[in-house]
Structure formats: C-alpha cells, structure tokens
Amino acid sequence: MPELPDVEMARRLLERALLGARITSAVGSDRVILRPGSSRTLSRIAVGRAVQAVERRGKWLRVMLDDGARLFSHLGMTGEWITAGVDEPSARFERARFEVTKGRSRRSIRYLDARRFGRLLATKDDIAAWRELGPDPLTDGLDVETLAAALGRSARRVKDALMDQTLVAGIGNILATEALWHARIDPRSRSDRLTPKDVGRVVRGLRNAIERQLTAREKAGGDEPRESFAVYGRSGEPCRRCGTSISRIVLGGRGTTFCAHCQERRGAR
DNA sequence: CGGCATGTTGCGCA
DNA sequence: TTGCGCAACATGCC
C-alpha cells in the first residue's frame, strides 16, 4: 500500500509503538527483504537500543536509535507494519518482527510483505537512497520555485519527472496520475515546457491529492478507498470535470489514466 | 487462464 | 548524454 500517504500512516503507527520504547528482540525471516544485511545484523544493531525518532521522507522510513544507528524501511509494493501482542501467532506474509518494552507493556511490531519488494535495513549511517531523496511535500513543503527548477532541467514526460524520487520524494503512480488530473495537464507533456503557472497547478494538484488520500485513510483506518481517486483506475468512466470518457495509456510500463479533453498537452512529441 | 498491481533497478537501443 | 521501453524481482487477486 505504499505511496507517501500510506507510508505516513505507517510512520504514525510505528511512532506510537516505538517512540521511547526499547527493543528487546529483532528477527527477520526473509533475506530478500533484509538484503544485503541479515537477521543477525538486524538484531546486533537493534537489540538493546531505545528508539528516539520515527521519521519519513518520501516512501522511506527511518527509525533513529539512541546510539546513532538507524533502521530503514521501504514498503515496496505490498509492505505493511502492524502491532500485535507478543504471544500472537505470525500473521500471513510476516517477514520480520521486533519486540519492545515501554514502561510495563510489551508489544510485538511486525513487518508483512506479500511480494517482498520491500526493504528493512539496519545501518550505522544513512543509506544513499535516503540521502538522495528530493524534498518531501509534507515535511519539507513543496515550493513552486524548487519544483519549477527541477522540472525545467529535463525534457522527460512530466509524469516520469514527478515520480523521480530525487526531484520530489514520495510521489508514485497514483499521486502523479491524480495530481496531473487536478492540474489539468497531460501526463505526456514535456516537463521543461510547463509554464510557471502550470507548475503552480501541479504543486496544488499534488497537495490536493496527498491531502485527500491522507484524510481518506484517517477516516477509513486502513486501505485506500478507491472512492478517493478522481481518475486513477477509472478508465472508461466519465471525467468528473467534463464528462469525457477517461483514457488509459501505458507510460514507463505503468498504467496511466487521464482526461484527453481537459488535460492539455504541453510540448509536442 | 490472462491480466493487472501503490516500487525500484538495470539493460539495451535510438 | 538523455529518454524510454522492457524485463526482472516474487506474488496475490479478480
């Protein structure tokens, strides 16, 4: 379930469970997810440590430990964190588990991941993927100047540029699709052909899409209600603005829906 | 059975 | 060098 809003929900859950807690056990049951580390690395770095902060940047989570070491979590396509009682049996697709104590209470925090595209890393320093992340729209804020500069440097399709984690962090296929619909810009537009006004609309489109997905999750408690999407997954349905049937194309191997009538193309191809 | 999937990386080609 | 398609990763679900 992972794009920025989902990862933010995961961050809040981990913060409630881990902040101020001490890790008494850490076990990973899947080398793919721990790669290039191992369950031994994970427990060696995490066990005995207290958690000082649970942060998110884009789709990455960073758990800061009291000796300066850190845990990084990326949810891939199907990753999920849950909390459980220490005696509860393993959940389906459970790949790693932490046990923590906070005051007198003991909790078990578990990482689930069906497809195993996610990552769980224990390191002494920040990893490259974290360092190379662009500004996060929620924690760093999104400003038109910065985005305009980033988009202006490349002739790529604007949708691909928005999903480039080094330009802006946390935008995936859903948010990019939704934001461009809100902005009324064709996803195939060249990113360097957007006017400053266009970039302003993209920024508002992103804020709008992020905000409504976060709210939808806060309300529903879990899954992303498809109801909260304006165009994503709605090919063939009428555009909510103009009624035109929503188109579906494939860009960079990803399904892309848009309204061919009210999302205008910038830059011919 | 076929098609699709919220992510990332690496390869080959133009 | 840049942009882009595509396969791979490993699996679930409709």
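Computed from a prediction, not measured in an experiment: that's the story for all the values here. Letters go in sequence order (proteins before strands), and every chain restarts at 1.
When hydrophobic residues (I, L, V, M, F, W, Y) are linked wherever their side-chain heavy atoms come within less than 4.5 Å, A:Val86 remains an isolated member. In the hydrophobic clustering, where aliphatic and aromatic side chains (Ile, Leu, Val, Met, Phe, Trp, Tyr) are joined below 4.5 Å either directly or transitively, A:Val231 groups with A:Trp181, A:Ile246. When hydrophobic residues (I, L, V, M, F, W, Y) are linked wherever their side-chain heavy atoms come within less than 4.5 Å, A:Val27 remains an isolated member.
Computed from coordinates, the A:Tyr232 OH to B:dA5 C1' distance equals 6 Å when rounded to whole Å. Rounded to whole Å, the distance from CE on A:Met163 to P on C:dG5 is 13 Å. Rounded to an integer number of Å, the gap from CG of A:Leu61 to P of B:dG7 is 15 Å. When rounded to the nearest whole Å, the span between CD of A:Gln213 and C1' of B:dT6 equals 9 Å. The CG-C1' distance, from A:Asp6 to B:dA5, rounds to 14 Å in whole Å. In this structure, A:Arg156 places its CZ atom 15 Å from C1' of C:dG5, rounding to the nearest Å. Distance, A:Asp164 CG to C:dT2 P: 12 Å, rounded to whole Å.
Listed by first then second residue, pairs satisfying side-chain hydrogen bond (donor to acceptor under 3.5 Å, both in side chains) with a partner in residues 39-54 of chain A read A:Ser38-A:Thr41, A:Arg49-A:Asp66, not counting sequence neighbours. For residues 151-172 of chain A, the set of pairs meeting the ring-ring contact (aromatic ring centres under 6.0 Å, His included) definition, not counting sequence neighbours, is empty. Under the ring-ring contact (aromatic ring centres under 6.0 Å, His included) criterion, the residue pairs touching residues 20-60 of chain A are A:Trp60-A:His74, with sequence neighbours excluded. Residue pairs meeting the ring-ring contact (aromatic ring centres under 6.0 Å, His included) criterion with at least one member in residues 123-158 of chain A, sequence neighbours excluded: A:Phe72-A:Trp130.
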| task | Go through A:Asp160 and A:Arg157 one step at a time and tell me if the salt bridge (charged side-chain N to carboxylate O under 4.0 Å, His left out) criterion holds. | result | CA-CA 5 Å; A:Asp160 294 333; A:Arg157 289 182 299 235; 2.8 Å; yes
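Separation of the C1' atoms belonging to C:dC9 and B:dC1 is 22 Å when rounded to the nearest angstrom. On the P atoms, B:dC4 is 22 Å away from C:dA10, given to the nearest whole Å.
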Taking only nitrogen or oxygen atoms into account, show me every contact under 3.5 Å that the protein makes with nucleotides 10-14 of chain B, one pair per line with its distance.
none

| note | Nucleotide by nucleotide, nucleotides 7-14 of chain C touches protein heavy atoms under 4.0 Å in the pattern (B base, S sugar-phosphate only, - none) --BBBSS-
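Between A:Lys59 and the phosphate of B:dG7, there is a side-chain N or O to OP1/OP2 separation shorter than 4.0 Å. Remark: A:His74 is not in phosphate contact with B:dG7, judged by side-chain N or O atoms under 4.0 Å from OP1 or OP2.
With no hydrogens or angles considered, a side-chain donor-acceptor pair links A:Arg97 and A:Ser90 at under 3.5 Å. No side-chain donor from either of A:Thr256 and A:Arg254 sits under 3.5 Å from a side-chain acceptor of the other. Defined by atom type and a distance below 3.5 Å, a donor-acceptor pair is present between the side-chain atoms of A:Asp143 and A:Thr146.
A:Asp164 and A:Arg156 are joined by a salt bridge, as a carboxylate oxygen and a charged side-chain nitrogen come within less than 4.0 angstrom of each other.
Helical stems in DNA chain C, defined as runs of 3 or more consecutive Watson-Crick or G-U wobble pairs with donor-acceptor distances under 3.5 Å: B:2-5 with C:11-14, B:7-14 with C:2-9.
A heavy atom closer than 4.0 Å to some atom of DNA chain B occurs in A:Arg248, A:Arg254, these being the qualifying members of residues 246-259 of chain A.
Residues forming a ring pair (Phe, Tyr, Trp, His ring centres under 6.0 Å) with A:Tyr111 (at least two apart in sequence, or on another chain): A:Trp81.
Exactly one of A:Arg62, A:Arg57, A:Arg56 qualifies for a salt bridge (charged side-chain N to carboxylate O under 4.0 Å, His left out) with A:Asp136. That residue is A:Arg56.
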